[in-house]
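These notes are about the structure you will find just below.
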Amino acid sequence: MCSTNSTTEHPIYDATVSKVGAYENCTVRLKGWLYNKRSSGKIIFIILRDGTGIIQCVASVNGIGQDEFEKLDKLNQESSLIVEGVVKKDPRAPGGYELEVKNYYIVSEAFDDYPITLKEHGIEFLLDNRHLWIRTPRQRAILTIRAQIVKACRDFLDKEGFVNVDAPILTPSACEGTTTLFSTDYFGEKAYLSQSGQLYNEAAIMAFGKVYCFGPTFRAEKSKTRRHLIEFWMVEPEAAFMTFDEMLVLEENMVTYIVEHVLANCQNELSEIGRDPEKLSQVKPPFPRITYSDAVDLLKRNGVDISWGDDFGAADETAIAKEFAKPVFVTHYPTKIKAFYMQPTPGDPETVLGADLLAPEGYGEIIGGGERIYDYHLLLERIHEHNLPLEDYEWYLDLRKYGSVPHSGFGMGIERVVAWICGLGHVRETIPFPRMLNRLRP
RNA sequence: UCCUCGAUAGCUCAAUGGCAGAGCAUCCGGCUGUUAACCGGAGGGUUGCAGGUUCGAGUCCUGCUCGAGGAGCCA
């Protein structure tokens, strides 16, 4: 990267912590924040954070002079600064490289009461200080993995020929009429925040064939568990002519692609959060498939008090997923516990062509999807059965009037996937600024 | 909405019904290879709020507020 046969001119390279290994014995300039420091009289170790990583910078009185040394020694945690120095390989330094400081500039000196110290903190305090908490290496790693998961979703679907057609956030009515929605005023008319882009996707596939929407979703439910956020992100692929079985294959290929992408690109981040990649590398197609009926039998054998027709609780999902090392599909749910648009199973109208994908290790449902009703008359019947306001679904019924085709789609919850891949105990760390019951700030 | 647990220094936590404490952070001082550095010193409190019992309440009782975990709910 740089030549070591130095002339009288010593070039200074702008670098980042993550790339510093390429500049061994060269002078580089790093821009970042003071994460921590350790001082020992005439030598000081500055731990610099620049967003790409953390590096130890060593400054001595001999190297930068008494005045500059004392100024640096008094610098507060999280002060922003620019450091110039020589990159040295040193096994004593965390990360294997350190910077021998030749020069530094303080950009902004931080106040002396930065709340997030390097000691332990409680979750309430950390969430109150989420705007600062995201600076810590662990949170940076999780959110970096999230970004890579999002990228992998888009890369995979683009590669498979899906077109990104986003659905509106402001909608005139509930997509399903089941869940509690946030309402807002739309110039005198009531509008709701989207809980799914699926119905709009179904319109879009008749124009593009294969589409996906990717955006935030809002549920005004008073859910208070490790798997729930009030505002979360979903990617929802939908394709014309795609059968139920083809959809399952698409799902397992997408999940596998995401896991492989993270394993290939986020080694440092996985190691930072202490996630064992071994468990993830087992995720390869095909994923096991179990029908709802067989899942009920499995639970009964394990002593769970459940009868056919009951929906699964979180503990049930965990018990089912525990039987498998890979994500598992639960298919053919009872018609009455699924949404109105689900296509009945041929020859078995009591169940539908719907499937949930349950993540391993107790992370529960990460995908829900299925084949949609494409017959006009059946769909109309279901809308009546569910007492849905017909006027809100007229455009949706139009899709069955003008060139309807069999089609399928699914929705994947990004935060639950991030929680699973990162091995986290709660989805609140998987999104930059979580919106939860009792928490709207910061 | 329900169940369980919790709230004491900026943070994490101690304190048998009997003087309000420690570590970290902050401030002052020391130390030329530290690894959440270490060593010495200082400042820092309406014990979530409102009542009650008691000679005496951080501690026991009642109500409330806030939070956490879970349930219900939830493609």
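In what follows, every chain begins at residue 1, and chains take the letters A, B, ... in the order their sequences are listed. No experiment lies behind these values; they were computed from the predicted model shown. Only this structure's heavy atoms are used, side chains among them; waters, hydrogens and symmetry mates stay out.
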Distance-only donor-acceptor test (3.5 Å): side chain A:H228, base B:C74: yes
Picking from B:A71, B:C66, B:G69, which would you name as closest to the side chain of A:H426? B:G69
Quick one: label A:D90 by what it contacts on the DNA or RNA (base, sugar-phosphate, nothing), any heavy atom closer than 4.0 Å. base
With sugar-phosphate meaning primed atoms plus P, OP1 and OP2, does A:P94 contact a base, only sugar-phosphate, or nothing at under 4.0 Å between heavy atoms? base
Wobble G-U and Watson-Crick pairs count when both distances are under 3.5 Å; given that, what is the 5' to 3' dot-bracket string of RNA chain B, with | for pairing to other strands? (((((((..((((....[..)))).(((((.......))))).....(((((..]....))))))))))))....
If the P atom of B:U16 is compared with that of B:C61, how far apart are they to the nearest Å? 15 Å
For A:L75 and B:A25, what is the distance between atoms CG and C1' respectively, to the nearest whole Å? 16 Å
Taking only side-chain nitrogens and oxygens of A:R92, does any of them come within less than 4.0 Å of OP1 or OP2 of B:U32? no
I want to check a possible cation-pi pair here: A:K326 against A:F287, using under 6.0 Å from ring centre and within 45° of the ring axis as the test. no
Listed nucleotide nearest any side-chain atom of A:K222, set B:A71, B:G33, B:U1: B:U1
When rounded to the nearest Å, what value does the distance between P atoms of B:A22 and B:A15 take? 15 Å
Has the side chain of A:T117 got a donor or acceptor atom sitting under 3.5 Å from an opposite partner on the base of B:C11? no
Taking only Lys NZ, Arg NE, NH1 and NH2, and the carboxylate oxygens of Asp or Glu, determine whether A:E252 and A:R289 approach each other closer than 4.0 Å. yes
By nearest atom, which of the nucleotides B:G33, B:A68, B:C73 is closest to the A:R439 side chain? B:A68
Specify the residue among A:G411 and A:S60 whose closest nucleotide of RNA chain B lies further upstream toward the 5′ end. A:S60
Between B:U47 and B:U54, how far apart are the P atoms? Round to whole Å, please. 22 Å
Using the P atoms only, state how far B:U62 lies from B:U53, rounded to an integer number of Å. 15 Å
Pairwise C1' distance, B:C11 and B:G45 [rounded to whole Å]: 15 Å
If we ignore angles and hydrogens, is there a donor and acceptor under 3.5 Å between the side chains of A:W308 and A:S293? yes
A:G122 near the nucleic acid: base, sugar-phosphate alone, or nothing, with a heavy-atom cut-off under 4.0 Å? sugar-phosphate
Of the listed nucleotides B:C27, B:U34, B:A25, the one nearest the side chain of A:D112: B:C27
At 4.0 Å (heavy atoms only), tell me whether A:Q56 reaches a base, stays on the sugar-phosphate, or touches nothing. base
Look at the side chain of A:N62 and the base of B:U32, then say whether one donor and one acceptor between them are separated by less than 3.5 Å. yes
Under 4.0 Å from OP1 or OP2 of B:U34: is there any side-chain N or O of A:K37 that close? no
Does A:E120 make a side-chain donor-acceptor contact with the base of B:G23, cut-off 3.5 Å? no
Between C1' of B:G10 and CG of A:D128, the distance in whole Å: 13 Å
Face-on cation placement of A:R382 at A:Y341 ring, 6.0 Å and 45° thresholds: no
Report yes if a side-chain nitrogen or oxygen of A:N36 is closer than 4.0 Å to either non-bridging phosphate oxygen (OP1 or OP2) of B:A25; otherwise report no. no
Length of the line joining A:F111:CZ and B:A25:C1', which is rounded to integer Å: 17 Å
Please report the distance, rounded to the nearest Å, between CZ in A:R416 and P in B:C74. 13 Å
CA sep, side-chain torsions, deciding dist, call: A:F340, A:Y393, ring-ring contact (aromatic ring centres under 6.0 Å, His included): CA-CA 12 Å; A:F340 74 95; A:Y393 290 89; 5.6 Å; yes
Would you mind telling me which of B:A71, B:U12, B:C74 lies closest to the side-chain atoms of A:R219? B:C74
Need one value for A:R372: base, sugar-phosphate or nothing, where a base atom within 4.0 Å counts as base even if backbone is also close, heavy atoms only. nothing
Taking the P atom of each, how far is B:A7 from B:C13, in whole Å? 9 Å
Proximal nucleotide (of B:C73, B:U32, B:A68) relative to the A:R227 side chain: B:C73
Between B:C11, B:G33, B:C66, which nucleotide has the shortest distance from any of its atoms to the side chain of A:H121? B:C11
Assert yes or no for the condition that the ring centre distance of A:Y292 to A:F312 is strictly below 6.0 Å. yes
For A:E100, which contact category applies under a 4.0 Å heavy-atom criterion: base, sugar-phosphate, or nothing? nothing
Sugar-phosphate, base or nothing in reach of A:F125, heavy atoms under 4.0 Å: sugar-phosphate
N-O pairing of A:E78 and A:R135 below 4.0 Å: yes
Is any side-chain N of the basic residue among A:K71 and A:E109 closer than 4.0 Å to the acidic one's carboxylate O? no
Indicate whether any N or O donor in one side chain lies under 3.5 Å from an N or O acceptor in the other, for A:S408 and A:E246. no
Is it true that a side-chain atom of A:K210 and a backbone atom of A:E238 form a donor plus acceptor pair closer than 3.5 Å? no
